[in-house]
Structures are given as structure tokens and as C-alpha cells.
Amino acid sequence: MANDHLMNTYPRLPVAFVKGEGVWLWDDKDHLYLDALSGIGVCALGHAHPALARALAEQAGTLLHTSNLYRIPLQERLAERLCDLADMDRAFFCNSGAEAVEAAIKLARLYGHRRDISEPAIVVMENAFHGRTLATLSATGNRKVQAGFEPLVKGFIRAPFDDIEALHTIAEHTPNVVAVLLEPIQGEAGIRVPSPGYLRAVREICDRQGWLFMADEIQTGLGRTGKWFAYQHEGVTPDVITVAKALGNGMPIGACLARGPAAEVFTPGSHATTFGGNPLACRAALAVLDVLEGEGLVEQAATLGERLRAGLQEALGESPLVEEIRGRGLMLGIVLHRPCPDLVRRALDHRLLVSLQAERVIRLLPPLVLGEEEAYQLMTILETVIREYEAA
Ligand SMILES: *Cc1c(COP(=O)(O)O)cnc(C)c1O
């Protein structure tokens with residue numbers, strides 16, 4: 001199944017999908033799979049959503065790209081929509097999650113320099129994931145992502161996640177901090193939900209210290225957790241947020257949003273991109289927001305997510321293999337007592353797509369269009385897979 005002409009960066013599963021519809025994917029042998037991963041949290045509207053397909057076809061026949069040398073009305077509309085939803089003031093558009101975090105890192109450093117902090121530092125979390133560019137892998141709290149790419153980018157201070165005391169200690173001893181960057185729920189690390197009150201306490205420290213609170217909402221954002229953005233569960237607002245993944249439902253687009261003084265940091269020349277926010281990508285994102293809103297998918301992620309979680313708890317809570325079921329909305333993790341390295345492959349044999357994080361957390365990120373009956377099917381297949389492991 002390997003291809004000699006692709007760089008060998010992925011241990012790919014031996015399956016190729018050729019068609020999709022909603023939560024379903026067909027492979028080239030016409031087998032049908034239930035997609036509970038959405039292309040890693042990207043296809044929130046599921047596959048081949050007709051409204052998105054129409055918008056893309058229409059835009060492709062009208063105008064794809066002009067560059068940021070000119071005004072782009074669709075980009076301006078998208079910025080306004082996103083800022084309304086997120087309670088932010090301004091947006092910078094790019095093409096991926098890592099680029100959105102890069103923009104946030106650059107913004108924080110510039111913010112520091114404007115305040116005469118010559119070596120600005122950003123507090124980042126253990127087990128965090130922020131991307132694979134040099135700056136974002138340096139911000140990432142996972143040695144596997146960093147190993148071999150040293151020297152890492154300087155200017156990051158590592159703190160344990162969900163530990164407010166650690167931030168107090170950093171505040172006391174480190175004068176050059178300019179920002180805290182964190183995922184409101186850690187995704188790649190295995191759906192780690194911080195304690196209630198943590199984000200609020202981070203907000204308070206940032207206010208007191210004059211630090212920017214930067215939330216990486218690339219995985220949690222745009223309805224995934226049952227609110228538009230995960231920080232809204234705690235009624236706090238960061239200064240900077242990053243979004244990507246679900247924003248284009250597969251059209252590559254990311255954004256860094258900011259409010260207040262943070263929104264005024266970039267000036268002409270300080271940051272740029274050729275493709276970022278082009279008419280095609282913005283048209284896709286506008287269509288995604290229309291569907292999320294029009295079909296009430298954010299609310300549905302909250303209610304169906306809660307039911308799915310309760311159902312999984314009921315079906316698997318007593319399993320000797322299952323330690324915990326956690327998460328929010330349709331971002332769920334089933335924590336196993338021991339590593340199950342071939343679990344993804346076994347699930348694939350049962351025609352179910354999931355991922356395994358940190359060796360023993362089954363991650364579920366189904367499309368937000370998941371129906372009741374499909375949620376039931378998902379639960380049933382998962383139960384079968386886990387029972388097989390119990391028996392083994
Ligand atoms: C996926 C992800 C990224 C990186 O996004 P890419 O589009 O792969 O560059 C960054 N942060 C978080 C929280 C993510 O889940």
C-alpha cells in the first residue's frame with residue numbers, strides 16, 4: 001500500500017476512500033465506513049454537504065484568488081461573522097492550524113516588544129499540541145514531535161496543564177512573560193478536560209500580569225464541544241484565539257482572531273500570506289458557518305454529545321478495559337487501562353474510523369451532522385471492538 005513517491009511521513013492504514021456522504025465513507029472496494037473522526041475534526045458538516053458543494057462550485061466558477069494586495073469582500077464578511085461569534089475584534093486568515101498558531105506566536109512577541117520586553121516568553125503547556133512548523137512544534141509539549149528538529153525555537157516556558165499554582169509561580173519568577181497559550185481541551189493529548197474554573201483562573205492571572213490569554217481552538221472550536229468555542233463554557237474571553245480544522249470543512253483555511261489591544265498589534269508589513277483568506281476558502285468557511293447555524297449543529301453537538309457520552313458510559317463504563325469516558329459535546333475520549341496499539345486497525349475491520357491518542361485514548365470527533373441512529377451504530381461497533389479486546 002505504500003507509495004515510493006511520497007515522503008514517508010505517515011504510517012497509513014491500508015484503505016483508500018473514494019466517496020463520502022454525511023458521516024459515511026466508501027472505499028475503493030465499495031465497503032461502507034462510519035466516520036467518527038471527520039478527517040481529524042475537519043469535516044464537521046460531514047462529507048459532500050450539498051450547501052458547501054454548491055458554494056464551492058459557484059465560487060470556483062467566479063473567482064478563486066486575487067491576493068491580499070486588494071480588498072477581498074468575502075474575507076471581510078467572514079472576519080465579521082467570526083468576530084461576532086467569538087467576541088473578537090479582528091481576524092488574520094491563513095491556510096492551516098499551524099499557521100494560525102504561528103500568527104498568534106508572532107503577535108504575542110510583537111506585543112511584548114512594543115512593551116519593551118526584548119526577550120518575550122510565552123507560557124505553553126505540557127502535552128500541548130500546536131502544530132508541526134518549527135515555532136509550533138517548539139510550543140508543542142510532546143518530545144516525539146520535537147525530536148530530531150533541534151535547535152528548537154526559544155521563548156517558550158513549559159507549565160503543567162490544569163495547574164493554576166504553576167502559573168502563579170511563573171508569574172512570581174519570570175518578568176518577561178507576554179502570553180499564555182493553551183488548548184481549552186487538549187485534543188492530541190487524549191481529550192484532557194481541565195478542572196472547572198481553570199480557564200477563568202488563567203484569565204485572572206493574565207489580567208493581573210498583563211499577559212495575553214491565547215486559546216488554541218483549532219480542534220475545540222466551531223461547535224465541536226457544544227458551544228461555538230470551548231472557552232464559552234466558562235464564560236471567559238481570551239485575547240487571541242486560533243481556529244482552523246472545521247472552518248473550511250476540508251478547504252484549507254485557518255485564522256488567528258484577537259480583541260482589544262492584541263487586535264491592533266499587527267500593522268502593514270508585520271505579517272503576510274499569499275493564499276490566506278482567498279475568495280474560495282472564505283466562501284467555503286462562510287458556507288460552513290451558515291450550515292452550522294442554520295441546522296443548529298452547535299446545540300446538537302451539546303445534546304447528542306451528552307447522550308452519546310451517557311450511552312458509552314452505560315455500555316462500557318463497567319468494562320475492565322475502560323478507565324474513563326471524558327470530553328465535551330462531540331469531542332470524546334474513551335480512556336483505556338492499557339495501550340491497545342492495533343485498536344484503530346480493529347475498528348477499521350469493523351468499518352469504523354476513530355483515532356488512538358497517547359496510546360490508550362480512543363478519540364471520537366464525529367461530524368456534527370451525526371444523527372441519533374448513527375450515534376447508536378457508533379456505540380454498538382465500539383462496544384463490539386472493546387469486547388473483543390476484553391476477550392483477548
Ligand atoms: C490540528 C491542530 C493544530 C495544527 O493544525 P494543522 O492544520 O495540522 O497545522 C494546532 N493546534 C491544535 C489544537 C490542533 O488540534
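In what follows, every heavy atom counts, from backbone to side chain, and hydrogens, waters and symmetry copies are set aside. Each ligand, and each atom within it, is numbered from 1 in the order the structure gives.
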Asker: Test of understanding: given a 4.0 Å heavy-atom threshold, classify the contact between His130 and ligand 1 as side chain, backbone, both, or neither.
Answerer: backbone
Asker: What is the closest protein heavy atom to atom 9 (O) of ligand 1, and at what distance does it sit?
Answerer: Ala98 N, 2.7 Å
Asker: Any salt bridge between Glu150 and Arg143, counting N to O under 4.0 Å?
Answerer: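 Counted as a salt bridge, because a side-chain N and a carboxylate O are separated by less than 4.0 Å.
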Asker: Inspect the contact between Lys19 and Asp28 and indicate whether a charged nitrogen and a carboxylate oxygen are less than 4.0 angstrom apart.
Answerer: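 Salt bridge flag = no for Lys19 with Asp28.
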Asker: If you measure from each non-hydrogen atom of Ala244 to ligand 1, which part falls under 4.0 Å: side chain, backbone, both or neither?
Answerer: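 No part of Ala244 is near ligand 1 at this cut-off.
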Asker: Give the ring-plane orientation class for Tyr33 versus His31, where under 30° counts as parallel, over 60° as perpendicular and anything between as tilted.
Answerer: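 The arrangement is perpendicular - the two ring planes meet at more than 60°.
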Asker: Could you say whether the N/O atoms of Val101 and ligand 1 ever approach to under 3.5 Å?
Answerer: no
Asker: Just say parallel, tilted or perpendicular for the rings of His271 and Phe92, cut-offs at 30° and 60°.
Answerer: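 It falls in the tilted class, 30° to 60°.
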Asker: Between Glu58 and Arg283, is the closest basic N to carboxylate O distance under 4.0 Å?
Answerer: yes
Asker: Just need the protein heavy atom nearest to atom 14 (C) of ligand 1, so name the residue and atom and give the distance.
Answerer: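 Its nearest protein heavy-atom neighbour is Lys245 NZ, 2.9 Å.
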Asker: Among all protein heavy atoms in this structure, tell me which lies nearest to atom 5 (O) of ligand 1, with the distance rounded to 0.1 Å.
Answerer: Gly97 CA, 3.2 Å
Asker: Given Thr242, Val42, Asp216, Val243, identify the one with the heavy atom nearest to atom 13 (C) of ligand 1.
Answerer: Asp216
Asker: Mind checking whether Phe129 has an N or O less than 3.5 Å away from an N or O of ligand 1?
Answerer: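 Min N/O separation from ligand 1 is below 3.5 Å for Phe129.
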Asker: Ignoring hydrogens and geometry, is there a side-chain-to-backbone donor-acceptor pair from Thr242 to Ala100 under 3.5 Å?
Answerer: no
Asker: Number the atoms of ligand 1 from 1 as they appear, then name those within less than 4.0 Å of a heavy atom of Glu183, with their elements.
Answerer: 13 (C)
Asker: Answer with yes or no whether the side chains of Gln75 and Asn68 bring together a donor and an acceptor at under 3.5 Å.
Answerer: yes
Asker: Record the part of Arg132 in heavy-atom contact with ligand 1 below 4.0 Å; permitted values are side chain, backbone, both and neither.
Answerer: neither
Asker: Is Glu390 salt-bridged to Arg387, cutoff N-O under 4.0 Å?
Answerer: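 Yes, charged N to carboxylate O under 4.0 Å.
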Asker: Any N/O of Glu188 closer than 3.5 Å to an N/O of ligand 1?
Answerer: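 No: no nitrogen or oxygen of Glu188 is under 3.5 Å from one in ligand 1.
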